[in-house]
Amino acid sequence: MESGCSKKLEEEKLELRLGPPGQEHSSWFIKDESLPSFGYFSSLKSNGNQAHKFPPPEDHLVGSVLASPWAKNHQPKPPSSLQSSEKKQTAMPSNCPQKRTAPGPVVGWPPIRSFRKNLAAPSSSKVASETPVGLPHKVANEKKTVVAEPSVKGLFVKINMDGVPIGRKVNLKAYDSYKKLSAAVDELFRGLLAAQRDSSAGGIVNKQEKEKPITGLLDGNGEYTLVYEDNEGDRMLVGDVPWHMFVSTVKRLRVLKSSELSAINLGSSKKGKTVEN
Amino acid sequence: MSEDDERQQSPPSDLDFVSTKARNCNATGSGSAYPDQVLNNVLENVLHFLTSKRDRNAASLVCKSWYRVEALTRSELLIGNCYAVSPARVTARFARVRALHLKGKPRFADFNLMPPDWGAHFNPWALAMAKAYPWLEKVHLKRMSVTDDDLVTLAELFLGFKELSLVCCDGFGTGGLAIFVNKCRQLKVLDLIDSEVTDDDTDWISCFPEGESHLESLIFDCVECHVNFEALERLVARSPSLKKLRLNRYVSIEQLYRLMIRAPQLTHLGTGSFSPSEIAGQGDQEPDYVNAFAACKSLVCLSGFREIIPDYLPAIYPVCANLTSLNFSYANITAEQLKPIISKCHKLEVFWVLDSICDEGLQAVAVTCKELRELRVFPVDAREDSDGLVSDVGLRAISEGCRKLQSILYFCQQMTNAAVIAMSKNCPDLVVFRLCIMGRRRADHVTGEPMDDGFGAIVMNCKKLTRLAVSGLLTDKAFDYIGRHGKLIRTLSVAFAGDSDIGLKYVLEGCPQLQKLEIRDSPFGDAALRSGLHHYYNMRFLWMSSCSLTRHGCQEIAHAMPHLVVEVIRSADEEEMDTAAEILYMYRSLEGPRTDVPKFVTIL
């Protein structure tokens with residue numbers, strides 16, 4: 001996309017970078033501690049054709065894909081993106097000092113592990129409340145948390161279910177259709193959900209409740225519905241786009257109570273909970 | 001595991017085994033087999049008392065039957081390099097393993113010198129152990145990649161699993177932890193130390209099962225996300241055996257108070273943030289922190305202070321006199337703030353601190369801490385050109401005050417030979433000497449000389465030295481000293497040092513006990529590499545990055561030594577056929593090239 005490309009060039013010129021000017025790609029030796037980029041992200045540049053997209057086109061910043069923390073050569077950028085993940089960039093390791101008299105900083109020198117760095121700075125806004133799961137919180141470590149982990153063998157995304165504190169991960173490459181995914185979700189959570197119901201019912205085991213299959217995830221008829229968060233942080237119903245397109249944009253899955261779906265503003269910016277990355 | 005534990009565990013069942021076998025042998029009447037059987041059984045009972053790995057290795061070499069019996073009775077496995085042996089070989093040899101210690105990546109991986117996803121996966125081990133050792137109780141991993149599924153495996157397939165310790169590991173998250181703690185009903189120890197834990201948004205603390213817990217140690221100071229405090233408080237309240245608790249920085253000092261009054265029996269405490277939460281407390285009354293510490297009469301090890309507000313430091317006065325270990329390495333405090341604390345710590349043996357205390361703070365340590373065995377001074381500002389807060393002055397003061405010092409790690413901007421020589425003479429018990437002069441290739445700042453003589457004095461005078469890390473301006477002469485005098489050195493770390501191949505030759509030809517050699521950015525090439533051929537099978541590994549090695553030189557080594565795995569690791573941009581070998585990592589192995597090699601690694 002043309003607008004995307006020129007934006008990228010501009011951003012590259014503005015980027016803080018280690019190494020002599022004019023170098024196209026700095027080697028990973030002087031990269032920050034972000035995870036390596038994965039091939040499939042570059043395919044996200046052409047991310048048209050998203051159904052259920054409510055925000056008007058001007059909010060649809062193509063550049064936000066490139067501002068992903070997992071893009072290669074990513075250095076602290078001037079804040080420009082929608083994503084709250086940009087806040088993380090301020091917690092960079094101090095190997096990009098403002099002024100240096102010595103030759104440029106070297107990877108892994110001095111030999112201090114990353115979590116021992118940045119001790120001079122006073123602690124910024126720290127939310128130290130007793131926080132149950134699901135409320136916004138700051139993750140200040142320098143390493144980025146991974147949402148989708150593609151590799152040669154699999155594409156793992158996190159999946160959480162309403163009412164179950166334990167999240168799981170699914171390998172989307174193991175499936176080739178929504179039907180199979182839905183069956184897998186049932187398998188993953190059926191037992192956990194039953195256990196949860198047991199404990200909340202005070203231990204009285206209702207034999208019919210036990211291990212009830214989770215159905216109707218895709219058609220809106222079941223007690224639960226499967227939704228996902230895409231690469232732009234929007235929440236979408238699973239099942240509307242072709243499978244391969246879904247796989248290329250999904251970052252995270254959720255199994256929500258169908259009764260609460262109408263309350264959720266599908267497709268618009270995040271509800272309540274801050275996307276953590 | 002102490003020897004006493006071993007004795008209590010083993011005798012009853014095995015004595016039964018002996019008498020049954022003896023009876024059976026008598027019954028069959030096979031003449032020549034009988035004495036062997038008895039010998040084996042007796043041997044088995046005796047070998048149960050052998051706990052040290054070295055003793056066991058020696059015993060297994062005596063003869064075949066000793067080898068077999070030793071393999072049957074070894075219950076604790078220590079594997080220093082997960083690629084040196086395969087899980088299959090281990091499970092084939094050892095029958096009844098209860099505890100597994102496994103180490104993966106080399107240490108320089110901690111400093112981002114290794115690309116991510118290099119290897120050291122726990123998964124094949126987890127699966128092999130699950131089949132072979134269902135009674136496995138303890139797993140201790142260092143620098144391994146552990147997935148959530150591995151955690152699930154440990155929890156589900158090992159019924160009596162008791163202790164998990166993950167040091168410098170990664171690859172798992174709070175989701176995996178949740179399932180692990182939920183299903184491990186006998187869990188005594190969960191120690192997460194310096195590991196990277198993904199935040200899966202899962203309230204894992206709530207997943208500990210209800211009812212009284214067996215927890216003795218819960219260490220999670222490295223976990224970078226909120227924990228459910230109410231659940232944590234309830235957990236601590238129902239863990240009467242809890243002795244070690246190290247909180248992460250999301251626990252405020254008010255919350256710490258509530259936990260401490262529920263667990264006065266603690267011996268090891270990591271205090272979390274040690275600062276108040278931002279939400280205003282109810283009412284003006286602050287809890288009596290001093291009282292809470294005073295109630296912890298068994299406290300000997302204190303750490304945490306992740307976001308310390310120094311005003312609260314006096315709260316720890318009541319425990320100072322009993323402390324043997326104090327970790328202030330996250331506490332940006334001054335000498336003035338340190339002095340009232342340290343002056344009470346007469347029994348202190350282990351002290352980790354930031355250089356914010358300056359030389360003056362170190363002088364205060366030297367005055368009081370006469371029992372000090374281990375000192376680590378970390379930099380507040382870990383850059384080459386930052387202001388040096390500690391120097392040769394502080395080092396010399398420590399050497400004069402703390403004569404029993406055995407282990408030191410000291411980060412500074414500049415140093416003098418004189419101070420290092422002084423330490424070599426004042427502290428003859430030094431076993432570990434790691435000096436990191438952060439300015440690369442910096443000379444003695446008083447004389448302008450290289451730091452050769454200082455390190456030379458260390459290897460000459462500290463006769464018990466087994467671990468050495470060098471820095472500053474160093475010529476080949478320093479390595480000559482090390483090769484000639486470092487007779488017990490097992491681990492050597494070198495960075496930005498030396499003039500030529502001769503430096504490395506001195507070391508490889510000189511240090512007979514050398515096990516682990518890690519070198520970066522030093523002018524050592526293929527010729528030097530060749531000079532170690534006689535020794536590489538005796539070493540655990542050799543790491544050389546950004547030196548002057550070529551692929552051809554490494555190839556020669558690989559050809560000459562079939563039981564060495566020679567890995568050449570390159571950055572993502574490098575071409576496959578580059579002549580220079582950017583990173584060489586080689587290690588002895590019984591298995592040959594590993595099968596889980598990522599694209600950026602070539603095994604020669």
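In what follows, every heavy atom counts, from backbone to side chain, and hydrogens, waters and symmetry copies are set aside. Below, read A as the first sequence line, B as the second, and so on, with proteins coming before strands; counting in each chain starts at 1.
Of the candidates B:Asp148, B:Asp200, B:Thr202, A:Lys158 forms a side chain to side chain contact (heavy atoms under 4.5 Å, CB included) with just one, namely B:Asp200. Shown are B:Phe496, B:Phe108, B:Phe411; of these, the ring-ring contact (aromatic ring centres under 6.0 Å, His included) with A:Trp109 is made only by B:Phe496.
Rounded to the nearest 0.5 Å, atoms CE (B:Met438) and CD1 (A:Ile112) are 7.0 Å apart. To the nearest 0.5 Å, atom CZ of residue A:Arg116 and atom CH2 of residue B:Trp352 are 6.0 Å apart. Separation of atoms CG (B:Asp110) and OG (A:Ser114) is listed at 9.0 Å; rounding is to 0.5 Å. Here CZ of A:Arg113 is found 7.5 Å from CZ of B:Arg107. Values are rounded to the nearest 0.5 Å. Note that the CZ atom of B:Arg306 and the CZ atom of A:Phe115 stand 8.0 Å from one another [nearest 0.5 Å].
Of the atoms belonging to B:Ser329, heavy atoms from both backbone and side chain fall under 4.5 Å from chain A. Both the backbone and the side chain of B:Asp194 come within less than 4.5 Å of a heavy atom of chain A. Looking at B:Leu354, the atoms closer than 4.5 Å to chain A (heavy atoms on both sides) all sit in the side chain, from C-beta outward. For chain A, the nearby part of B:Cys168 is the side chain; its heavy atoms alone come within less than 4.5 Å.
Applying the 6.0 Å contact sphere to CD of A:Glu187 captures no more than 12 heavy atoms from other residues, nucleotides or ligands.
What you find for A:Pro110 and B:Ala382 is that their closest heavy atoms are CD-O, 3.3 Å.
Looking at A:Arg252 and B:Asp201, a side-chain N of the basic residue comes within less than 4.0 Å of a carboxylate O on the acidic one, giving a salt bridge.
Annotation: side chain of B:Arg520 is in contact with side chain of A:Val106 (closest heavy-atom distance under 4.5 Å).
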